[in-house]
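Have a look at this one before I ask anything.
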Number of protein chains: 4
Amino acid sequence: MSEARGPDPTRRSERSRTAILSAAIELVTESGYAKTSIEAIAARAGVGKQTIYRWWPSKAAVVFDAVLDLTKGQQGFSVLETGDLKEDLKQVLRATAEELTNPRMDVSFRALALEIQYDANLASHWREKMLGPALDATKDRLRSAQHSGEIDADLDLDVAVELLYGPLYHRWLLQTAPVSVEHADAVVDLAMRAMSR
Amino acid sequence: MSEARGPDPTRRSERSRTAILSAAIELVTESGYAKTSIEAIAARAGVGKQTIYRWWPSKAAVVFDAVLDLTKGQQGFSVLETGDLKEDLKQVLRATAEELTNPRMDVSFRALALEIQYDANLASHWREKMLGPALDATKDRLRSAQHSGEIDADLDLDVAVELLYGPLYHRWLLQTAPVSVEHADAVVDLAMRAMSR
Amino acid sequence: MSEARGPDPTRRSERSRTAILSAAIELVTESGYAKTSIEAIAARAGVGKQTIYRWWPSKAAVVFDAVLDLTKGQQGFSVLETGDLKEDLKQVLRATAEELTNPRMDVSFRALALEIQYDANLASHWREKMLGPALDATKDRLRSAQHSGEIDADLDLDVAVELLYGPLYHRWLLQTAPVSVEHADAVVDLAMRAMSR
Amino acid sequence: MSEARGPDPTRRSERSRTAILSAAIELVTESGYAKTSIEAIAARAGVGKQTIYRWWPSKAAVVFDAVLDLTKGQQGFSVLETGDLKEDLKQVLRATAEELTNPRMDVSFRALALEIQYDANLASHWREKMLGPALDATKDRLRSAQHSGEIDADLDLDVAVELLYGPLYHRWLLQTAPVSVEHADAVVDLAMRAMSR
DNA sequence: CTGTAACCGAGACGGTACGTCCGGTCTTCGG
DNA sequence: CCGAAGACCGGACGTACCGTCTCGGTTACAG
């Protein structure tokens with residue numbers, strides 16, 4: 001999300017980059033994404049507006065990078081493989097549920113999920129960096145379960161993964177009910193019945 | 001979404017109301033929700049801005065009413081009960097998939113689905129008028145299948161419904177893959193395995 | 001300078017117009033023309049920037065109207081005709097000298113006199129409303145002196161007028177020496193020698 | 001105008017100096033003084049901005065030096081002394097008129113005349129280097145005419161000089177009429193009548 | 001012949017102001 | 001009193017430049 005053709009990245013001020021990202025997260029958390037202006041981010045970060053426009057094409061891109069910074073730990077994301085598929089899935093779904101309810105992430109994350117509707121470039125970054133890792137790791141775990149015979153070898157894994165994550169995001173985005181670890185467990189219990197045999 | 005305390009609704013101009021709603025849908029479809037301004041809606045509708053502000057609290061509310069007008073036909077929404085649960089579910093999920101891919105609805109509907117993040121009042125109207133009918137009807141159909149023994153009587157129907165709709169909305173909102181009737185069928189096939197017995 | 005095609009002048013806020021003009025004069029006097037920004041004028045006047053841009057095309061046009069307002073008294077400008085040409089000319093040249101040294105006018109007036117270099121439209125207004133009246137009145141007085149035989153009938157009055165005002169403006173604009181009533185008198189005394197007989 | 005305390009003038013790049021001055025004149029002539037930015041001058045000259053700021057305190061100072069370079073020929077300025085005062089004066093006033101109408105000089109020269117309002121330091125350089133030589137030389141010529149009895153010995157020469165140059169600059173700066181050699185002649189003819197006897 | 005200290009091109013930086021767009025309020029006039 | 005029209009105050013947009021600072025690189029003199 002950060003690279004542009006014009007400016008020279010080697011001369012970029014790390015100080016400013018960090019200040020901007022922190023200010024962005026803070027303001028979005030305090031006042032909401034819509035009410036956060038680039039002007040305010042610049043002011044809070046003690047930075048000229050041009051320094052933001054030089055490195056990011058939009059407010060969404062800034063917030064995206066800010067969220068990415070927050071979640072940097074999950075880089076080498078993978079699902080446990082304890083031999084007990086159901087438990088492994090519960091573990092990862094619970095982690096997702098917790099992330100979705102973490103107030104630090106919630107507002108920004110949700111705003112980005114919205115913003116990708118308007119920005120195809122952002123959307124692909126989002127799928128690749130934010131959504132993809134968890135989805136892919138889960139798919140890998142299911143594939144391994146197919147090899148071990150725990151679940152049906154004919155299963156369409158894309159749909160299977162959606163059966164697991166779909167209910168969580170449904171609640172989260174459409175606000176039909178609160179997301180929780182209990183709900184995550186219930187989803188895994190039910191989805192396992194579809195996948196087994 | 002329409003009523004406010006001040007003005008007298010009996011003296012309201014139906015002509016203006018219709019023009020505003022049409023203009024809103026047109027502009028959102030043409031240019032996207034974010035780029036549609038109230039000012040532009042008023043201009044397109046040949047209406048003063050105050051006439052919009054008098055009757056709706058926000059752009060979201062206008063678009064909400066506009067979309068509601070479009071979908072007025074589906075008022076008495078219910079799921080067929082042919083005796084074949086799987087076919088009945090496929091029928092309703094396919095209908096949902098088609099609605100989500102209908103270009104007339106897509107942009108506005110998606111924008112609203114996400115705008116509710118910022119407006120609690122709108123959110124409840126949305127759940128009640130747009131999402132609720134289909135979800136409730138589906139739940140009713142499942143309850144009837146429980147009575148007839150087609151599916152497990154212990155099933156948590158809320159989660160079951162999410163298992164059906166979650167994957168569709170997951171694709172649609174997070175843009176992980178295209179929504180289609182084939183996908184809807186695949187979801188039903190898989191979810192049925194979780195619900196049966 | 002004030003009229004534009006778009007907006008409706010009958011609905012214009014007199015309150016805002018006055019506040020803008022006052023703020024403009026104040027700021028130019030305090031900080032100089034170049035350091036006065038439209039943004040600052042709007043802020044001082046308690047007015048949106050758009051309200052300035054709606055009615056004036058440039059900072060120069062605002063200041064022009066502001067100065068015009070200040071000098072509105074001189075509307076029906078004319079030169080005394082006491083019968084003593086030299087005294088009449090001294091009277092008007094002294095008045096000009098005083099105006100050029102009046103600190104209230106000096107900064108704004110000087111800035112405008114020079115800003116017309118960049119704005120042909122402003123330049124013609126300037127000549128017509130600010131410079132013209134005094135120059136024309138002086139020319140009229142000289143013409144009457146020609147009829148009475150006080151001065152040479154063959155005299156080119158345009159050059160004669162320049163002989164009177166040129167030295168004053170030369171000092172004032174090029175800052176070669178201070179403008180004063182004594183200087184004005186000296187100029188008249190000398191110029192009279194060129195015009196007589 | 002050029003020297004500053006910090007940098008070492010002996011190591012200055014003549015190449016850069018020349019490129020900057022040329023670029024400045026070009027840009028001012030093409031687009032006008034106000035629309036010419038230091039950034040643009042640096043870019044056109046193929047020079048870093050700092051190289052300009054190192055050697056000149058302001059855009060005005062750059063343009064001043066650029067104009068000075070153009071007029072370097074007139075260094076040892078003096079007025080002919082043919083014995084015929086009127087002709088000598090016509091010769092020098094015509095030269096001034098031609099300079100003021102030379103399109104190469106006009107824009108930059110006029111801009112400087114404006115800029116001295118805001119920069120006292122520039123103003124004194126301007127008077128000394130640009131205006132002074134012609135004015136002083138003219139005054140010298142008049143003084144010699146006083147000695148030879150051609151003109152009144154009591155004449156205030158400062159005012160006399162203003163009587164000659166004032167009308168030209170009046171036309172040029174206030175744009176009341178075009179400057180021309182004919183006009184210069186007419187001014188001399190008239191002013192001579194004031195000075196003689 | 002080699003530091004090392006300056007100027008140099010380049011351009012990122014914190015800022016200010018630009019001129020525009022739009023939000024939401026207020027005012028005027030006609031029906 | 002509703003509705004159209006649109007002026008108003010205000011806030012943010014994205015851009016252009018300001019004047020300062022920092023980065024290699026390239027002379028040019030001192031050791």
| message | What's the closest nucleotide to the side chain of Glu39(C) if the choices are dC8(E), dT15(F), dG19(E)? | response |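 Minimum distance to the Glu39(C) side chain belongs to dG19(E).
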| request: Round to a whole Å and report the spacing from CD1 of Ile41(D) to P of dC17(F). | output: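 My rounded result for the distance is 11 Å.
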| message | Within the structure provided, determine whether Tyr33(D) and Lys59(D) are in side-chain contact (heavy-atom separation under 4.5 Å). | response |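 Yes, their side chains come closer than 4.5 Å.
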| Test: Glu30(C) and Arg44(C) ion pair at under 4.0 Å |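 Counted as a salt bridge, because a side-chain N and a carboxylate O are separated by less than 4.0 Å.
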| Within this structure, what is the CZ-to-C1' distance between Arg15(D) and dG9(E), rounded to whole angstrom? |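 Between C1' of dG9(E) and CZ of Arg15(D): 11 Å.
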| query | Quick one: Asp8(C) CG to dT27(E) C1', roughly how many Å, whole number? | reply |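 Atom-to-atom, Asp8(C) to dT27(E), this comes out as 12 Å.
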| message | Could you tell me how far apart Tyr53(A) (OH) and dC17(F) (P) are, to the nearest whole angstrom? | response |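 It works out to 18 Å between those atoms.
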| request: Let me know the distance between NZ of Lys59(A) and C1' of dG11(F), rounded to the nearest Å. | output: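 Checked: the NZ to C1' distance equals 13 Å.
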| said: Strictly below 4.0 Å: does Arg54(B) bring a side-chain N or O up to OP1 or OP2 of dG3(F)? | reply: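 For dG3(F), OP1/OP2 do have a side-chain N/O of Arg54(B) under 4.0 Å.
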| field | Distance test, side-chain N/O of Trp55(D) to OP1/OP2 of dC8(E), below 4.0 Å | value |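 Trp55(D) to dC8(E) OP1/OP2: side-chain N or O found under 4.0 Å.
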| task | Give the rounded distance in Å between these two atoms: CD1 of Ile52(B) and P of dC26(E). | result |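 Between P of dC26(E) and CD1 of Ile52(B): 18 Å.
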| task | Identify whether any heavy atom of Ser16(C) sits under 4.0 Å from a base atom; if not, whether one sits that close to sugar-phosphate; answer base, sugar-phosphate or nothing. | result |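 If one applies the 4.0 Å heavy-atom cut-off, Ser16(C) turns out to touch the sugar-phosphate alone, with no base involved.
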| Side chain of Gln50(C): nearest nucleotide among dC7(E), dG11(E), dC21(E)? |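 It is dC21(E).
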| request: On DNA chain E, check which nucleotide each of Gly48(D) and Lys35(C) is closest to and give me the residue with the more 5' one. | output: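 The residue mapped nearer the 5' terminus is Gly48(D).
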| query | In whole angstrom, what separates Trp56(B)'s CH2 from dG24(E)'s P? | reply |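 Whole-Å distance recorded here is 15 Å.
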| message | When you compare the side chain of Gln175(A) with that of Arg110(A), does any pair of heavy atoms fall below 4.5 Å? | response |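 With C-beta onward as the side chain, the pair touches.
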| request: Please figure out whether Val47(C) or Thr36(A) has its closest DNA chain F nucleotide nearer the 5' end. | output: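 The 5'-side residue here is Val47(C).
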| request: State plainly whether the residues Asp69(C) and Arg17(C) are in salt-bridge range, i.e. N to O under 4.0 Å. | output: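 Yes, this pair counts.
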| message | I want to verify a distance call: between dG23(E), dC8(F), dT20(E), whose nearest atom is closest to the Ser13(C) side chain? | response |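 The closest nucleotide is dC8(F).
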| said: Side chain of Arg11(A) only, heavy atoms from C-beta on: which candidate in dA28(F), dA12(E), dG19(E) is closest? | reply: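 Closest of the options to the side chain of Arg11(A): dA12(E).
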| query | Do Ser124(A) and Glu128(A) meet the criterion of a side-chain donor-acceptor pair at a distance under 3.5 Å? | reply |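 On atom types as modelled, these side chains do not qualify, holding no pair under 3.5 Å.
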| task | Would you indicate, yes or no, if dG14(E) has its OP1 or OP2 atom less than 4.0 angstrom from a side-chain nitrogen or oxygen of Thr51(A)? | result |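 Looking at the OP1 and OP2 atoms of dG14(E), one of them is under 4.0 Å from a side-chain N or O of Thr51(A).
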| What integer distance in Å separates Lys49(C):NZ from dG10(F):P? |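 Lys49(C) atom NZ is separated from dG10(F) atom P by 13 Å.
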| message | Judged by each residue's nearest nucleotide on DNA chain E, which is more toward the 5′ side, Ile38(C) or Glu14(D)? | response |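 Counting from the 5' end, the first nearest nucleotide belongs to Glu14(D).
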